[in-house]
A.B. asks: 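Attaching a single structure in C-alpha cells format; questions to follow.
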Amino acid sequence: VQLVESGGGLVQAGGSLRLSCAASGTVFRINVMGWYRQAPGKQRDLVAMLGSGDSTNYADSVKGRFTISRDGAKNTVYLQMNSLKPEDTAVYYCAAPQAGVWGQGTQVTVSS
C-alpha cells in the first residue's frame, strides 16, 4: 500500500483547507485510516481517525473544526479543516496505522 497526501498550503487564521490521501495497492485490507500532525520540535500526534463502519475519533484540539471522511470508490481519505488556527501549523501525515504505512506528509501553515 502507498499513501500520497495533497492539499496542504498556506492559509490565514479562520480559513479552511481540505487534505486528501490517495491510497494505492492492496487497499481492501485497510479498515482504519488516520491523520496525524507534527509541529517543529514536537512529537507526532493523532488528529483524526476513521475506523471500520466509519466510526471517527478526534483530538480534543480539533473537535468541531476538522472532519475526516472516506470515499471508498476513490480509495481516498479526506481531512476537512475549518476555522484554522496558527497552532494548527504542522506537517500532516496520512497513515494506515494497522498496516504500518505512512504518507510523505504535507505542510499546513496558518498565519495569524
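Bear in mind that the values here come from a model prediction, so they are computed numbers and not experimental data. Numbering starts at 1 and runs along the sequence shown.
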A.B. asks: Mind checking the CG-OG1 spacing from Leu19 to Thr76? Nearest 0.5 Å is all I need.
C.D. replies: 12.5 Å
A.B. asks: Which distance, rounded to the nearest 0.5 Å, do you find between the CZ of Phe66 and the CE of Met81?
C.D. replies: 5.5 Å
A.B. asks: Apply side chain to side chain contact (heavy atoms under 4.5 Å, CB included) to residues Thr106 and Val91 and explain how you reach the verdict.
C.D. replies: CA-CA 5 Å; Thr106 185; Val91 178; over 6 Å; no
A.B. asks: Rounded at 0.5 Å granularity, tell me how far CE in Met49 sits from OG in Ser55.
C.D. replies: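 That separation rounds to 9.5 Å.
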A.B. asks: Quick check for you: to the nearest 0.5 Å, what is the distance between Cys21 atom SG and Asp71 atom CG?
C.D. replies: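 Atom-to-atom, Cys21:SG and Asp71:CG are 12.5 Å apart.
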A.B. asks: If we check side-chain contact (heavy atoms from CB on, under 4.5 Å) with Glu5, which of these qualifies: Tyr92, Trp102, Tyr93?
C.D. replies: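 Result for side-chain contact (heavy atoms from CB on, under 4.5 Å) with Glu5: Tyr93.
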A.B. asks: Does the side chain of Ser16 come under 3.5 Å of the side chain of Asn82 through a donor N or O and an acceptor N or O?
C.D. replies: yes
A.B. asks: Going only through I, L, V, M, F, W and Y residues with side-chain contacts under 4.5 Å, is there a path from Val32 to Val1?
C.D. replies: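 No, because Val32 and Val1 fall into different hydrophobic clusters, even though each may have its own neighbours under 4.5 Å.
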A.B. asks: To check you understand the geometry: which heavy-atom pair defines the closest contact between Gln104 and Leu3, and what is its length?
C.D. replies: OE1-O, 3.7 Å
A.B. asks: Return the CD1 to CH2 distance between Ile68 and Trp35, rounded to the nearest 0.5 Å.
C.D. replies: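 That separation rounds to 8.0 Å.
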A.B. asks: Looking only at heavy atoms, which two atoms of Ser112 and Ala13 are closest? And how far apart?
C.D. replies: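 Closest approach of Ser112 to Ala13: CA-CB, 4.4 Å.
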A.B. asks: List the steps, then state whether side chain to side chain contact (heavy atoms under 4.5 Å, CB included) holds for Thr89 with Gln107.
C.D. replies: CA-CA 8 Å; Thr89 295; Gln107 176 70 46; 4.0 Å; yes
A.B. asks: To the nearest 0.5 angstrom, please state how far the OG1 atom of Thr67 sits from the CZ atom of Arg18.
C.D. replies: 11.5 Å
A.B. asks: Quick test of your reading: applying salt bridge (charged side-chain N to carboxylate O under 4.0 Å, His left out), list the pairs with at least one residue in residues 86-99, sequence neighbours left out, ordered by first then second residue.
C.D. replies: Arg37-Asp88, Arg65-Asp88
A.B. asks: With clusters defined by side-chain heavy atoms of hydrophobic residues (ILVMFWY) lying less than 4.5 Å apart, directly or transitively, does Val110 cluster with Tyr58?
C.D. replies: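 Linked within one cluster.
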A.B. asks: Compare all side-chain heavy atoms of Leu84 with those of Leu17 and state whether any distance is below 4.5 angstrom.
C.D. replies: yes
A.B. asks: Check step by step if side chain to side chain contact (heavy atoms under 4.5 Å, CB included) holds for Val47 and Leu79.
C.D. replies: CA-CA 9 Å; Val47 175; Leu79 185 68; 4.2 Å; yes
A.B. asks: Going only through I, L, V, M, F, W and Y residues with side-chain contacts under 4.5 Å, is there a path from Val62 to Leu46?
C.D. replies: no
